[in-house]
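Shown next, in structure tokens, is the structure this report addresses.
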Amino acid sequence: MLKKQTHYDVIVIGAGPAGFASAVRCAQLGLKTACIDNKRDKNNLGRLGGSHLNTGGVASMTLLDSAKLYYQITHEAATHGIRAENISIDMPKVIGRKDKIIEDISLKMVGLFAHHKVDHIIAKARLLSDRQVEITTEDTHLKSSLSATHIVLASGSKPIKLSCATIDNEFIIDSKTALNLEVVPKKLAIIGAGVVGLELASIWNRLGAETVLLEAQENFLSLLDQQISGEAYRIYQSQGFDLRLGARVTSAKKGNKKVTLEYQDQDGTHTLRIDKLIVACGRKPNTADLAAPEANLLLDDNGYVYVDENCRTNLPGVYAVGDLTLLGPMLAHKGIEEGVFVAEFIAGLNNPINYDNMPSVIYTEPEIAWVGQNEQALRAAGEPIKVGIFPLNSTVRALAMDKTEGMVKIIAHAETDKILGVHIIATQASELIAEAVLAMEFSASSEDLARTIHARPTLSESVHDAAMILKDRALSNK
Ligand code: NAD
């Protein structure tokens with residue numbers, strides 16, 4: 001039930017990772033807090049977690065785990081001497097498992113709101129002027145308003161649409177529908193070989209779909225360390241991804257239960273006929289109807305909310321966190337940190353975020369993870385650097401697991417030895433990167449990593465060994 005004209009210390013708009021974290025932290029700090037989100041589940045109950053949980057990162061990673069298991073049984077078990085015959089896949093059950101995990105996580109989040117006495121309001125919120133928020137309940141369309149001393153905008157982002165490939169969610173689908181297919185497409189194309197495109201390709205390719213990725217840019221994963229992106233390109237190709245770079249999709253039309261797609265590259269125009277087309281070409285902030293015009297919330301030309309270094313918008317007492325701003329990359333953990341930071345800032349604390357040590361992960365297999373600067377950027381800036389690289393195929397644990405593809409690359413300042421960047425492509429790189437983030441947070445040198453004892457046999461030895469190589473102290477000849 002909505003309480004009309006209730007005043008809160010803090011109203012958070014959006015219950016994705018950033019908004020949820022902010023609301024819980026505000027409540028922990030003794031602030032009377034409401035969090036407004038209009039997402040509902042199939043039983044019409046409020047659904048927390050935003051796109052990251054429900055249709056993005058968590059959903060995708062959960063399906064990838066199923067796909068990896070299927071692939072292991074069908075393609076990798078034999079090398080262990082394990083015979084697996086007549087293996088089949090029940091896609092509705094795979095999707096059902098993913099949905100159940102998401103539901104359980106959301107229920108835990110509901111429990112945390114109740115525990116911390118955050119008012120969860122299931123409605124659409126719109127920022128008005130003078131720290132007022134209009135709320136509209138979707139079933140009754142009733143409007144009312146709430147006021148707050150502080151307002152945190154955390155409405156997240158959504159996939160960008162392409163005018164040349166209109167989503168019908170049957171044949172031409174977005175990344176959300178791509179996580180709910182109950183039949184594995186025989187031939188699949190994905191527009192965009194960015195993070196989302198690669199993660200979806202990793203799922204459907206493993207489940208048996210012939211997968212073509214069409215990427216407009218000539219350079220593959222251009223933001224990554226070039227050595228890592230080069231290795232990733234080679235590995236993905238060897239896994240059967242058909243990666244076509246410099247390929248700009250110009251049209252996609254459905255007909256006869258197929259999609260006919262045209263793209264252009266340096267050789268001219270090409271046509272593909274596929275069963276499904278996924279559009280994964282970026283995300284944009286959810287700001288279209290976030291604020292009434294009279295609120296005068298300042299956005300940039302691309303719809304991002306303008307914020308200063310403390311996540312403050314142009315309006316007094318109004319903050320924006322997560323995917324809404326350009327303060328850092330579109331990452332769930334960045335949003336969580338900002339949500340917590342803003343809650344503490346409101347409560348009079350100031351614990352700034354170190355954006356320089358923000359880890360990034362691409363959840364494929366092997367995974368790619370990195371923190372800090374890459375080699376080409378450091379060389380372009382004229383920094384004197386030393387590089388240590390350790391290949392996974394020399395790591396005992398990786399050999400035992402038969403997961404020998406990839407490398408760990410550590411870059412340190414040539415004079416001070418301070419670690420400037422760590423780049424990993426390896427199975428479980430998302431876990432391995434945590435050590436590098438911690439080391440950099442403590443301003444560690446590569447010597448510190450090299451002298452830190454790592455358990456044997458573990459994958460983390462590859463981080464240690466890359467540091468040993470950087471210090472010219474390698475025990476192996478790699
Ligand atoms: P992206 O920008 O990383 O990749 C989209 C790609 O599509 C680009 O490389 C672009 O060149 C290409 N493209 C656009 N139009 C095209 C066309 N007509 N033909 C061919 N190619 C075209 O976007 P994304 O992968 O959708 O990810 C969106 C955001 O969400 C990113 O900021 C990403 O970091 C974030 N995200 C992160 C994770 C994670 O942390 N693991 C997971 C999902 C999303």
Side-chain angles (χ1 to χ4, degrees), residues 16-18 50-65 156-167 172-179 189-203 212-224 229 232-233 242-252 259 261-266 269-270 272 277-286 302 304 322-337 358-371 424-425 429-431 433 437:
S51 346
H52 172 68
L53 173 64
N54 295 287
T55 56
V58 178
S60 167
M61 192 198 63
T62 309
L63 271 195
L64 179 59
D65 272 334
S157 62
K158 61 179 174 196
I160 290 175
K161 291 183 175 156
L162 272 187
S163 56
C164 65
T166 311
I167 303 286
I172 304 178
I173 63 181
D174 60 14
S175 53
K176 176 177 162 186
T177 306
L179 295 172
I190 302 176
I191 308 182
V195 179
V196 172
L198 289 166
E199 292 183 353
L200 291 171
S202 298
I203 295 169
V212 185
L213 286 126
L214 300 152
E215 169 54 55
Q217 288 189 42
E218 294 284 352
N219 294 331
F220 181 57
L221 290 175
S222 56
L223 291 178
L224 267 65
S229 55
Y233 184 81
D242 182 348
L243 270 162
R244 304 188 190 179
L245 303 181
R248 179 169 292 280
V249 175
T250 50
S251 86
V259 179
L261 172 153
E262 278 195 355
Y263 70 91
Q264 289 174 346
D265 64 14
Q266 57 181 12
T269 303
H270 308 266
L272 275 181
L277 173 65
I278 303 175
V279 179
C281 50
R283 297 182 68 85
K284 63 176 187 181
N286 274 330
N302 296 317
Y304 287 91
D323 288 3
L324 283 182
T325 84
L326 286 174
L327 213 45
M330 278 189 174
L331 297 170
H333 44 278
K334 184 219 73 150
I336 292 171
E337 293 304 322
M358 188 75 66
S360 292
V361 178
I362 303 180
Y363 290 93
T364 52
E365 177 57 39
E367 295 173 338
I368 303 177
W370 68 98
V371 57
I424 306 177
I425 177 164
S430 58
E431 304 294 340
I433 202 67
V437 178

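Note that the structure is predicted; figures quoted are calculated from it, not measured. Note that ligands are numbered from 1 as they come in the structure, with each ligand's atoms numbered from 1 the same way.
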Ranked by distance from atom 16 (C) of ligand 1, the top protein heavy atom is I191 CG2, 3.9 Å

Counting only N and O atoms by type, is there a donor-acceptor contact under 3.5 Å from the side chain of T250 to the main-chain atoms of E262? yes

Can you pull out the closest protein heavy atom to atom 28 (C) of ligand 1? Residue, atom name and distance to 0.1 Å, please. R283 CG, 3.5 Å

Using modelled atom types only, decide if a donor and an acceptor are shared between the side chain of H52 and the backbone of G156 within a distance under 3.5 Å. no

Please verify the inter-ring angle class for F220 with Y233; under 30° counts as parallel, over 60° as perpendicular, anything in between as tilted. perpendicular

Assess the residue pair N302 and L326 against the criterion (side-chain contact (heavy atoms from CB on, under 4.5 Å)); give the C-alpha distance rounded to whole Å, side-chain angles, the decisive distance to 0.1 Å, and a yes or no. CA-CA 10 Å; N302 296 317; L326 286 174; 5.9 Å; no

CD1/I167 to OG/S175 distance, rounded to the nearest 0.5 angstrom? 8.5 Å

State whether the shortest distance between N or O atoms of V361 and N or O atoms of ligand 1 falls below 3.5 angstrom. yes

Honestly, for V196 the part within reach of ligand 1 (heavy atoms, under 4.0 Å) is both

In Å and rounded to the nearest 0.5 Å, what is the CD1 to CG distance from I203 to D65? 9.5 Å

When you look for heavy atoms under 4.0 Å from ligand 1, do you find them on the side chain of A280, its backbone, both, or neither? backbone

Heavy atoms only: give me the nearest I173-A178 pair and the separation to one decimal. CD1-CA, 3.8 Å

Provide, to 0.1 Å, the distance between atom 19 (N) of ligand 1 and the closest protein heavy atom, together with that atom's residue and name. V249 N, 3.1 Å

In sequence, state the C-alpha distance, the side-chain angles, and the governing distance for L198 and I368, and then conclude on side-chain contact (heavy atoms from CB on, under 4.5 Å). CA-CA 11 Å; L198 289 166; I368 303 177; over 6 Å; no

Ligand-residue contact atoms, ligand 1 with G194, heavy atoms, under 4.0 Å: 3 (O), 4 (O), 25 (O)

N/O separation below 3.5 Å, G282 to ligand 1: yes

So the atoms of ligand 1 within less than 4.0 Å of a heavy atom of Q217 turn out to be 9 (O), 11 (O)

What protein heavy atom lies closest to atom 11 (O) of ligand 1? Include the residue and the distance to one decimal. E215 OE2, 2.6 Å

Could you establish whether A247 and ligand 1 come within less than 4.0 Å of each other, counting only heavy atoms on the residue side? yes

For atom 36 (N) of ligand 1, what is the closest protein heavy atom, and at what distance to 0.1 Å? M330 O, 3.9 Å

Subset of ligand 1 atoms that lie under 4.0 Å from at least one heavy atom of R248: 19 (N)

Do A216 and ligand 1 have an N or O pair less than 3.5 Å apart? yes

Sole candidate of R248, R244, E215 that passes side chain to side chain contact (heavy atoms under 4.5 Å, CB included) when paired with Y263: R244

If we number the atoms of ligand 1 from 1 as shown, the ones under 4.0 Å from a heavy atom of Y363 are 41 (N)

Just distances here: any N/O of A193 and N/O of ligand 1 closer than 3.5 Å? no

Given K334 and T325, is the side-chain contact (heavy atoms from CB on, under 4.5 Å) satisfied, shown in steps? CA-CA 11 Å; K334 184 219 73 150; T325 84; 3.6 Å; yes

Is it the case that T177 and D174 place a side-chain donor and acceptor less than 3.5 Å from each other? yes

So which heavy atom in the protein is nearest atom 7 (O) of ligand 1, and how far is it from that ligand atom? G192 CA, 3.2 Å

For I190 and A280, work out which heavy atoms get closest and say how close. CG2-CB, 4.2 Å

Is there a side-chain contact (heavy atoms from CB on, under 4.5 Å) between L277 and V249 once you walk through the steps? CA-CA 11 Å; L277 173 65; V249 175; 5.6 Å; no

List ligand 1 atoms under 4.0 Å from C281, heavy atoms only on the residue side. 5 (C), 7 (O), 13 (N), 14 (C), 15 (N)

Which heavy atom of the protein is the closest neighbour of atom 38 (C) of ligand 1, given with residue, atom name and distance? V195 CG1, 3.4 Å

Counting from 1 in the order shown, the ligand 1 atoms closer than 4.0 Å to a non-hydrogen atom of L331 are 40 (O)

Report yes if I362 has an N/O atom closer than 3.5 Å to an N/O atom of ligand 1; otherwise report no. no

